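Note on naming: letters A, B, ... go to the chains in the order of the sequence lines (proteins, then strands), and numbering restarts at 1 for each one. Every value quoted in this text rests on a predicted model; they were computed, and no experiment measured them.
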There are 2 protein chains.
Amino acid sequence: MFMTEMPSNISEAEQRFQWIYQTLRSRIILLDYQPGTRLSEEQLADEFKVSRTPIRRVLNRLEVEGLLEIRHGAGNFVTELSMPELLEVFELRMELVRLIDVLAPRAASANLIQRLQNLQMACLSITKHPKPKRRFAEVNVEVFLSFMDLVGNQPLRAVQEQLFYRTARMWPYLLDEKNVGYEAELLHAEISEALRLLANNDYPSFGHLYRCHLAMACQRLATMQTTGV
Amino acid sequence: MFMTEMPSNISEAEQRFQWIYQTLRSRIILLDYQPGTRLSEEQLADEFKVSRTPIRRVLNRLEVEGLLEIRHGAGNFVTELSMPELLEVFELRMELVRLIDVLAPRAASANLIQRLQNLQMACLSITKHPKPKRRFAEVNVEVFLSFMDLVGNQPLRAVQEQLFYRTARMWPYLLDEKNVGYEAELLHAEISEALRLLANNDYPSFGHLYRCHLAMACQRLATMQTTGV
DNA sequence: ATTAATATATTTGTATACAACTTGAGTTTA
DNA sequence: TAAACTCAAGTTGTATACAAATATATTAAT
């Protein structure tokens with residue numbers, strides 16, 4: 001469930017926090033919690049077998065990251081997708097990908113290549129999945145996180161991840177059920193191209209490729225907007 | 001104390017949070033709390049006349065932003081300035097300023113011009129201040145926040161602010177007492193140049209100017225490193 | 001019937017007691 | 001003497017009762 005590797009040196013409390021945090025975040029960006037859903041602290045406390053206190057720490061973090069709106073006395077609500085905000089974030093992300101080859105790009109490890117190849121395979125079976133849209137979103141997240149391996153500048157990686165999680169919901173939200181197959185093929189092709197470019201250490205072209213990917217997503221947003229969401 | 005303007009529609013709890021948060025943050029970046037200082041939750045709770053609960057929310061936020069390290073059973077410690085980390089952040093910031101004129105730059109308002117002129121005046125009296133280094137850092141923060149008015153892309157502004165607060169401490173930390181006057185004059189000159197460029201809506205040059213400012217800061221870091229900190 | 005006011009229930013925010021953990025001084029032991 | 005152990009004091013993490021705020025249902029007035 002997109003669990004980021006953590007140093008083994010962290011406390012049990014921190015592990016528990018990370019577990020709950022990453023679980024809730026993935027539920028939000030995969031639309032297990034639809035926008036507008038109210039997350040009850042008491043229910044979550046029951047589910048994770050803890051008190052409200054550690055739950056509230058997680059919810060506060062999700063609020064800072066723009067995925068949750070906490071309203072005193074009313075509830076904790078999953079934020080709606082705001083078209084202007086999404087476009088702003090995409091605009092920024094399109095500029096940031098350029099920096100991958102400017103700021104300390106890291107060579108593609110054998111591990112990364114392997115992961116990307118596995119994800120390519122995963123692309124082919126997305127349509128056969130019981131929940132294709134959700135599965136596509138899931139693979140999309142994994143692909144993004146894999147690509148982040150190339151970013152050597154740590155603050156840049158942190159920023160890109162945060163921005164990504166703010167837009168990740170658009171895929172399962174806007175994608176039409178009958179287009180998932182097409183999108184999956186497209187993602188497969190993009191990974192192919194990325195693998196080719198990374199084999200040549202051609203980071204500028206890789207940045208360009210990713211930029212095109214984001215531009216298309218952006219365009220998709222604009223057309224979806226006119227058709228009404 | 002660098003209080004960002006807030007919508008008037010926020011709850012009393014949120015106002016209290018912002019007050020404590022911004023107060024502690026400014027104490028850290030102005031070195032009222034030196035790196036390594038332990039912040040006792042109980043003491044802070046006493047000072048702000050609240051219980052530990054709201055204090056802990058603030059401390060958690062400061063930890064996420066890299067200004068604090070929370071250690072269970074040990075204490076909450078102001079983070080040390082890490083040279084490699086600072087350099088990474090500066091590298092990134094140097095690229096991000098370029099985006100000011102790419103992503104929806106906003107025209108300089110009369111208000112902004114006025115603020116910058118006031119800050120120029122402030123530069124001239126920094127050396128006469130009882131704590132010149134602290135005063136320089138204070139003015140430097142205000143200048144930065146003023147410049148951020150030009151950034152139309154909201155996520156970009158948020159990112160730049162966060163990165164700024166991660167590096168802001170270097171000024172009062174590394175600056176030599178006898179160099180404050182020189183630095184203040186430099187800042188004064190930079191504001192002059194910025195005002196000139198903004199009057200012509202020359203955002204590319206403004207970006208270049210700010211980039212040079214960051215590059216110099218970066219260089220300063222490198223030399224300080226060799227002389228030992 | 002509609003609307004405004006009120007009361008009640010529900011939910012998040014805060015205060016506080018206690019648990020888990022760290023630290024350092026003091027003691028013991030090799 | 002030095003290293004390992006023990007324990008006590010102090011700090012953050014958690015659970016929980018209560019306060020503050022909100023939403024909903026009820027009632028009364030028009």
Closer than 4.0 angstrom, basic N to acidic O: yes or no for A:Glu85 and A:Arg166? yes
Decide, yes or no, whether a salt bridge links B:Arg27 with B:Glu47 under the criterion of side-chain N to carboxylate O below 4.0 Å. yes
Think B:Ser51 has a side-chain N or O under 4.0 angstrom from the OP1 or OP2 of C:dA15? yes
N-O pairing of B:Arg135 and B:Glu183 below 4.0 Å: no
Quick one: does B:Thr127's side chain get under 4.5 Å of B:Pro132's, heavy atoms only? no
Regarding A:Arg16, tell me which of base, sugar-phosphate or nothing describes its non-hydrogen contacts under 4.0 Å with the strands shown. sugar-phosphate
Atom CD of B:Glu69 and atom P of D:dT12 are separated, to the nearest Å, by 13 Å
Rounded interatomic separation in angstrom, taking CG from B:Leu44 and C1' from C:dA15: 16 Å
Output a table of nitrogen or oxygen pairs between the protein and nucleotides 6-9 of chain C separated by less than 3.5 Å.
none

Hey, which of B:Leu103, B:Val151, B:Val159 is the one that makes side chain to side chain contact (heavy atoms under 4.5 Å, CB included) with B:Leu96? B:Val159
Hey, are A:Arg98 and B:Glu95 close enough for a salt bridge, meaning a charged N less than 4.0 Å from a carboxylate O? no
Is the shortest side-chain heavy-atom distance between A:Phe136 and A:Leu187 below 4.5 Å? yes
Distance-only donor-acceptor hits, side chain of residues 63-73 of chain B, under 3.5 Å, sequence neighbours excluded:
| from | atom 1 | to | atom 2 | distance (Å) |
| --- | --- | --- | --- | --- |
| B:Glu65 | OE1 | B:Tyr21 | OH | 2.7 |
| B:Glu65 | OE2 | B:Tyr21 | OH | 2.8 |
| B:Glu65 | OE2 | B:Arg61 | NE | 3.1 |

Checking all strands, does A:Ile55 fall into the base, sugar-phosphate, or nothing category for heavy-atom contacts under 4.0 angstrom? nothing
Just call it for B:Arg38: base, sugar-phosphate, or nothing, with non-hydrogen atoms closer than 4.0 Å on any strand. sugar-phosphate
Can you pull out the residues from residues 70-77 of chain B that lie within a 4.0 Å heavy-atom distance of DNA chain D? B:Ile70, B:Arg71, B:His72, B:Gly73, B:Ala74, B:Gly75, B:Asn76
Looking only at side-chain N and O atoms, does A:Arg56 come under 4.0 Å of OP1 or OP2 in C:dG13? yes
